[in-house]
Amino acid sequence: METKDDSSLDFIRTRIEEDIKANKNQGRVHTRFPPEPNGYLHIGHAKSICLNFSLAEEYNGKCNLRFDDTNPCKEEVEYVESIKKDVRWLGFDWEDREFYASDYFEKLYEYAVQLVKKGKAFVCDLSAVEIKDTRGTLTEPGTESPYRNRTIEENLDLFERMRKGEFKDGERVLRAKIDMSSPNLNMRDPVIYRILHASHHRSGDTWCIYPMYDFAHGLCDSIEGITHSICTLEFEDHRPLYDWFLEELDVFRSQQIEFARLNLSFTVMSKRKLLELVQSGYVKAWDDPRMPTLSGLKRRGYTPESIRDFCGRIGLAKRDSVVDIALLEFCLREDQNKRAPRRMAVLDPVEVIIDNYPEGQVEELESENNPEDESMGKRKVPFSRRLYIEREDFREDPPKKYFRLSPGREVRLKHAYYITCQNVIKDPNTGKVQKIHCTYDPKTKGGWAKDGRRVRGTLHWVSVPHARNAEIRLYDRLFNTKNPLDLKEGEDFKENLNPNSLKVLTSSKLEPGLSKAQPGDRFQFLRKGYFCVDPDSTQDRLVFNRSVPLRDTWAKILKKQKQK
RNA sequence: UGGGGUGUAGCCAAGCGGUAAGGCAGCGGCCUUUGGAGCCGCCAUUCGGAGGUUCGAAUCCUCCCACCCCAGCCA
């Protein structure tokens, strides 16, 4: 068993260790991840997934995957499939413990009958509006339903007939009989079963009554022997009700523990809002690389390892928080720096001609695949008289501290030669640089000058005749504001969307070896960032997503210079 | 003006009566065939506020303030 540094246990682990010490549940730890299959998983769910599965692992327990499918109107198999895929992708295994609340519908029904028999539940004929009207307010107690004192026999009969389908949707409900004047609204005779003549994605038309979350969730936990039922803060108020059901039915007592859900800066994290972005067409789909969904992050190029690392770094507590998205980006860089093979790609090309390099000559130059990991080996990259370099790597009139190419200046081409800029050809009308003429020093092969001569700048490059064309998609934050939901009156969160969150480059140039890249493959493009092959790629057109740019010190210097 | 929670740096977050961990971000410097990476250093005299207890308080007590959640037959 992994031992965690107990000097910094979070409050949940502290609690679990206390339970183990007290031999609660014979020291057993059993958790569950309980998604409702009504949407795609996002990075916020990843926090919960990592928490629940890691806890089980750390304390020699188990973690179940349980679909909370008690509302047939919202749930679909498409979602259960995507959820399973995402959890697996993250790297977690629920083995044979794939459960559904719907697996327990019969058992849950029996529990409800038991409650009725105890006089702790009743069939209520009030309409939804009437129930709402009699619930009271935050400061005033509710009033009891006129049906609250039906006899047990009548309740039993009515509930059975509800199940048989004798009533229409909304005609009657089963309610727990608790306390209409409780200051906790959840305890004011909450509805526990409603009539829904809807086909369920698993149980089909077997049922026309469905249990409510509060009733189902705790009892499912109990049935599965869940020891620690971890959920988010908004359910804190529900805990007394959770406990009430377990106590009244005298079943295994699972313990609900609440933690603060994850919020990330510059994005939104609710299924409803993410759906809205998809439906409004602002993003292309749930797996659009700008989305904080797991499928989006995956397509963007995030690795499961980086996301798990992130979930481990964000901390766990009860206070509302907004984690800086820079931490997520940091985790990806940290992961990819050690693992991503280096390649050269010129995103925005301009041509360099090396005047003194023999026409028609090609050299295969040796390049390391990853300076962080020698075991990743080397590769050959073709070099010739005509090369592409990054347009921004040349400045006719270089600002201070600019180390790159400019007239008369010598720089290094990575793994190749020193070159010196001789002159520039510009479009006479636009003034745009078209070709840069340089000379190279044949004695600097490999990028070293034996005479000890130094250059400040090193550029990446791609040989023109060997280059492969590619489309590169550059992403920026989805929203312009740190908290897109911080709105003025009448404002819609979509007004905070960043109109420049996607920029498409269509004539980027790749070193030839990259033509074999497959969707999902990840690389570091030297000096540019980490990139991932998009599934939109075809045989003759590779598409790359920029997962995250490299840290850019030069950009910071520029920014500072501008501020002055 | 009900109930349930939460306040420690720009963002997370440890801390549990003995004198403010760590990470991200930021800022300096070193190093560098990626302005990447790496390395070194800096970054809370103070813990929402005010009182009190104590030799000693972020930690205990009292009052106050701010923020979040709850009035679905959603989860």
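What you are looking at is a predicted structure, and each value in this text was computed from that prediction instead of being measured. Within every chain, numbering begins at 1; the chains are lettered A, B, ... in the order of the sequence lines, protein sequences first and strands thereafter. All values below were derived from every heavy atom in this structure, side-chain atoms included, with hydrogens, water molecules and symmetry-related copies excluded.
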Asks: Base of B:G72 relative to its sugar, syn (within 90° of 0) or anti?
Replies: syn
Asks: Out of B:G28, B:G3, B:U34, which has the shortest distance to the side chain of A:Lys560?
Replies: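 Looking only at side-chain atoms, A:Lys560 lies closest to B:G28.
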Asks: Mind checking the P distance from B:C16 to B:A57? Whole angstroms is fine.
Replies: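 Here B:C16 and B:A57 have their P atoms 15 Å from each other.
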Asks: B:G48 and B:U8: how far apart are their P atoms, nearest whole angstrom?
Replies: 6 Å
Asks: Judged by each residue's nearest nucleotide on RNA chain B, which is more toward the 5′ side, A:Arg342 or A:Asp324?
Replies: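 Taking each residue's closest nucleotide, the earlier one in sequence belongs to A:Asp324.
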Asks: B:G18 and B:U6: how far apart are their C1' atoms, nearest whole angstrom?
Replies: 27 Å
Asks: Counting side-chain heavy atoms from C-beta on, which of B:G5, B:C74, B:C73 comes nearest to A:Glu236?
Replies: B:G5
Asks: Distance check, P atoms only: B:C27 and B:A37, in whole angstrom units.
Replies: 13 Å
Asks: Whole-Å distance between B:C24 C1' and A:Lys482 NZ?
Replies: 12 Å
Asks: Could you check which of B:A37, B:C68, B:G35 has an atom nearest any side-chain atom of A:Thr553?
Replies: B:G35
Asks: Give me the ring orientation class for A:Trp207 and A:Tyr109: parallel if the planes are under 30° apart, tilted from 30 to 60°, perpendicular past 60°.
Replies: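 Tilted.
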Asks: Choosing from B:A13, B:G5, B:C27, which nucleotide comes nearest the side chain of A:Lys318?
Replies: B:G5
Asks: For A:Thr14 and A:Glu17, does a side-chain donor sit closer than 3.5 Å to a side-chain acceptor?
Replies: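 Distance-only check fails for A:Thr14 and A:Glu17.
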Asks: Tell me whether the side-chain N or O atoms of A:Glu372 pair up with the base of B:G36 as donor and acceptor below 3.5 Å, since no angle test is needed here.
Replies: yes
Asks: Distance criterion of 3.5 Å, no angle test: do you see the side chain of A:Asp552 paired donor-to-acceptor with the base of B:G35?
Replies: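 Answer is no: no donor-acceptor pair is held.
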Asks: Going by distance alone, is a donor N or O of one side chain under 3.5 Å from an acceptor N or O of the other, for A:Asp221 and A:Tyr242?
Replies: yes
Asks: Can you figure out which of B:C70, B:G5, B:U34 approaches the side chain of A:Asp237 most closely?
Replies: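 Minimum distance to the A:Asp237 side chain belongs to B:C70.
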Asks: With rounding to the closest Å, how many angstrom separate the P atoms on B:A20 and B:A9?
Replies: 16 Å
Asks: Measure from the side chain of A:Ala326, starting at C-beta and using heavy atoms only, and say which of B:G28, B:C12, B:A25 lies closest.
Replies: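 Nearest to the side-chain atoms of A:Ala326, counting from C-beta on, is B:A25.
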Asks: Check if the side chain of A:Arg319 and the base of B:U8 share a donor-acceptor pair of N or O atoms closer than 3.5 Å.
Replies: yes
Asks: Could you please name the option among B:C74, B:C12, B:G28 that lies closest to any side-chain atom of A:Arg194?
Replies: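 The answer is B:C74.
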Asks: Can you tell which of B:C73, B:C12, B:G35 lies closest to the side chain of A:Ala128?
Replies: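 The listed nucleotide nearest to A:Ala128's side chain is B:C73.
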Asks: Assess the pair A:Phe544 and A:Phe525: is the distance between their ring centroids shorter than 6.0 Å?
Replies: yes
Asks: Salt bridge or not for A:Arg313 and A:Asp309, using N-O below 4.0 Å?
Replies: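 Result for this pair is yes, salt bridge flagged.
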Asks: Given the P atoms of B:G7 and B:C42, what is the spacing between them in whole Å?
Replies: 29 Å
